[in-house]
Engineer: 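Starting off with a structure, shown below.
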There are 2 protein chains.
Amino acid sequence: MKLTTKGRYAVTAMLDLGLRYGQGAVTLADIAQRQGISLSYLEQLFAKLRRTGLVNSVRGPGGGYTLSKEPSEISVAEIILAINENIDARRCAGKADCVGGDRCLTHELWEELSERIHEFLSGITLGDLVNQPIVQEVASRQEGRVRLALSQ
Amino acid sequence: MKLTTKGRYAVTAMLDLGLRYGQGAVTLADIAQRQGISLSYLEQLFAKLRRTGLVNSVRGPGGGYTLSKEPSEISVAEIILAINENIDARRCAGKADCVGGDRCLTHELWEELSERIHEFLSGITLGDLVNQPIVQEVASRQEGRVRLALSQ
DNA sequence: TACTTAACCAAGAAGTTTAGTCAACTATTG
DNA sequence: CAATAGTTGACTAAACTTCTTGGTTAAGTA
């Protein structure tokens with residue numbers, strides 16, 4: 001479990017999809033504009049999200065991305081794991097000083113901690129976030145900004 | 001709140017100190033050997049831990065580092081914050097596209113999540129970890145290894 | 001068919017972080 | 001004084017993050 005701005009971006013973008021769940025496909029260009037993330041970076045993130053089956057894509061005009069499941073069925077942990085996709089494979093296999101299994105055990109210790117964080121983030125879904133008042137607020141403000149931009 | 005291998009190293013090293021709490025100062029060289037972390041990297045980490053007051057240092061022969069508080073009073077969160085020391089200051093202050101406060105709010109959203117992780121890690125102390133059976137196991141095995149090395 | 005849209009893909013640049021090295025210096029103990 | 005061990009700073013290689021550029025491919029629309 002690794003927590004960086006990369007994961008923050010992914011969760012924000014997925015939340016953007018969650019807020020528009022059931023309203024058709026959302027383009028990455030729209031998300032990029034609303035959330036202030038570069039389009040190409042979003043493309044990289046969504047390539048991974050698509051590969052892990054968290055989103056579906058539709059090409060061509062009117063296309064974009066949609067969540068593959070209900071927001072309440074997608075956890076924050078799933079999103080972060082999907083974009084990190086690091087198996088944390090450095091399990092002493094290639095380390096010379098890993099004699100007697102000592103280092104492996106300290107690794108396992110940290111992994112237990114990491115696991116508990118994972119459990120925690122597994123308990124928070126996009127649905128939970130969508131239903132939070134503060135998120136609703138942001139969403140309506142963002143909609144307003146788009147309408148304003150279109151009317152100019 | 002950022003979770004990387006850097007924090008993992010810091011927590012492991014602090015746990016090493018926690019296991020020897022009340023038994024005098026522990027040298028970084030010992031920790032480096034036991035935990036398989038490079039000495040110079042440990043020096044960098046402990047410079048920060050010392051600056052934030054989590055450890056005390058004693059120079060000269062017989063010197064080393066000790067925890068400044070009881071293991072049960074040092075949380076994992078404190079350690080990670082001490083070595084990261086990132087104020088996460090990019091609060092849209094320098095961003096041109098932060099119009100109408102929209103991005104600031106999405107930031108706050110993530111920060112709330114981040115805060116909950118912080119709360120979670122604040123609830124785990126070095127004392128908790130020291131008392132875990134698996135940690136005790138590792139510790140005795142490490143002691144054994146040192147004794148073996150000395151007797152050869 | 002031509003055009004537009006928007007996903008998809010790849011290469012890499014720029015910047016930051018991680019992890020480590022090296023060298024010098026200072027305080028303490030014996 | 002000599003050995004130990006912390007302290008500091010400059011520096012580097014490698015990895016990772018973030019973003020850019022420049023395409024291609026598929027699907028609608030005129």
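Throughout, protein chains are lettered first and strands after them, A, B, ... in sequence-line order, and every chain is numbered starting at 1.
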Engineer: Quick check: on DNA chain D, is the nucleotide nearest A:Ser38 upstream (toward 5') of the one nearest A:Gly60, or the reverse? Name the residue that is more 5'.
Structural biologist: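 The answer here is A:Ser38.
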Engineer: Give the nucleotide from the list D:dT17, C:dT28, C:dC8 with an atom nearest to the side chain of A:Lys6.
Structural biologist: D:dT17
Engineer: To the nearest angstrom, how far is A:Leu45 atom CG from C:dC8 atom P?
Structural biologist: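 To the nearest whole Å, that distance equals 13 Å.
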Engineer: In this structure, how many angstroms lie between the C1' atom of C:dT18 and the CD1 atom of B:Ile80, rounded?
Structural biologist: 16 Å
Engineer: Take the protein atom CZ of B:Arg51 and the nucleotide atom C1' of D:dT7, then report the distance between them rounded to whole Å.
Structural biologist: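 To the nearest whole Å, that distance equals 11 Å.
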Engineer: Could you check which of D:dT20, D:dT7, C:dA7 has an atom nearest any side-chain atom of A:Gln44?
Structural biologist: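 When the side chain of A:Gln44 is considered, D:dT20 is the closest of D:dT20, D:dT7, C:dA7.
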Engineer: The side chain of B:Thr27 lies closest to which of these nucleotides: D:dA5, D:dT4, C:dT5?
Structural biologist: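 For the B:Thr27 side chain, the nearest candidate turns out to be D:dA5.
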Engineer: Mind checking B:Leu28 for me? I need base, sugar-phosphate or nothing, with any heavy atom below 4.0 Å counting as a touch.
Structural biologist: sugar-phosphate
Engineer: I want to verify a distance call: between D:dT8, D:dG6, D:dG28, whose nearest atom is closest to the A:Pro61 side chain?
Structural biologist: D:dG28
Engineer: Taking only the side-chain nitrogens and oxygens of B:Tyr65, find out if one of them lies under 4.0 Å from OP1 or OP2 of D:dT7.
Structural biologist: yes
Engineer: Within the structure shown, what part of the strands sits under 4.0 Å from B:Phe46 by heavy-atom distance: base, sugar-phosphate, or nothing?
Structural biologist: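 Nothing, no heavy atom under 4.0 Å.
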Engineer: Grab the CD1-P distance between A:Ile37 and D:dC19 for me, whole Å please.
Structural biologist: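 Result: 8 Å.
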Engineer: Answer yes when A:Lys48 and A:Glu43 have at least one side-chain N-carboxylate O distance shorter than 4.0 Å, and no when they do not.
Structural biologist: no
Engineer: For C:dA19, does either OP1 or OP2 sit under 4.0 Å from a side-chain N or O belonging to B:Tyr41?
Structural biologist: yes
Engineer: Looking only at side-chain N and O atoms, does A:Arg50 come under 4.0 Å of OP1 or OP2 in C:dC9?
Structural biologist: yes
Engineer: Does A:Tyr9 place a side-chain N or O at less than 4.0 Å from the phosphate oxygens OP1/OP2 of D:dC19?
Structural biologist: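 Yes, A:Tyr9 has a side-chain N/O under 4.0 Å of OP1/OP2 on D:dC19.
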Engineer: Whole angstroms only, please: what is the CG-P distance between A:Asn56 and C:dC8?
Structural biologist: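 Going from A:Asn56 (CG) to C:dC8 (P), I get 10 Å.
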Engineer: Can you give me the closest heavy-atom contact between B:Ser38 and B:Ala32, atom names plus distance?
Structural biologist: C-CB, 4.5 Å
Engineer: What do the steps show when you test A:Val55 against A:Thr66 for side-chain contact (heavy atoms from CB on, under 4.5 Å), and what is the final call?
Structural biologist: CA-CA 6 Å; A:Val55 295; A:Thr66 51; over 6 Å; no
Engineer: Within the pair B:Ser40 and C:dG20, is there a side-chain N or O less than 4.0 Å away from OP1 or OP2?
Structural biologist: no
Engineer: Write down the distance between CZ (B:Arg59) and C1' (C:dC25), rounded to a whole number of angstrom.
Structural biologist: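 It is 8 Å, rounded to the nearest whole Å.
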Engineer: Can you measure A:Lys48 atom NZ to C:dC9 atom P for me and round it to whole angstrom units?
Structural biologist: 14 Å
Engineer: Are A:Glu73 and A:Thr125 close enough that some pair of their side-chain heavy atoms sits under 4.5 Å apart?
Structural biologist: no
Engineer: Could you give the CG-to-C1' distance, from A:Asp30 to C:dT5, as a whole number of Å?
Structural biologist: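 A:Asp30 atom CG is separated from C:dT5 atom C1' by 12 Å.
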Engineer: Show the nearest heavy-atom pair for residues B:Tyr41 and B:Lys6, with the distance to one decimal.
Structural biologist: OH-CG, 3.4 Å
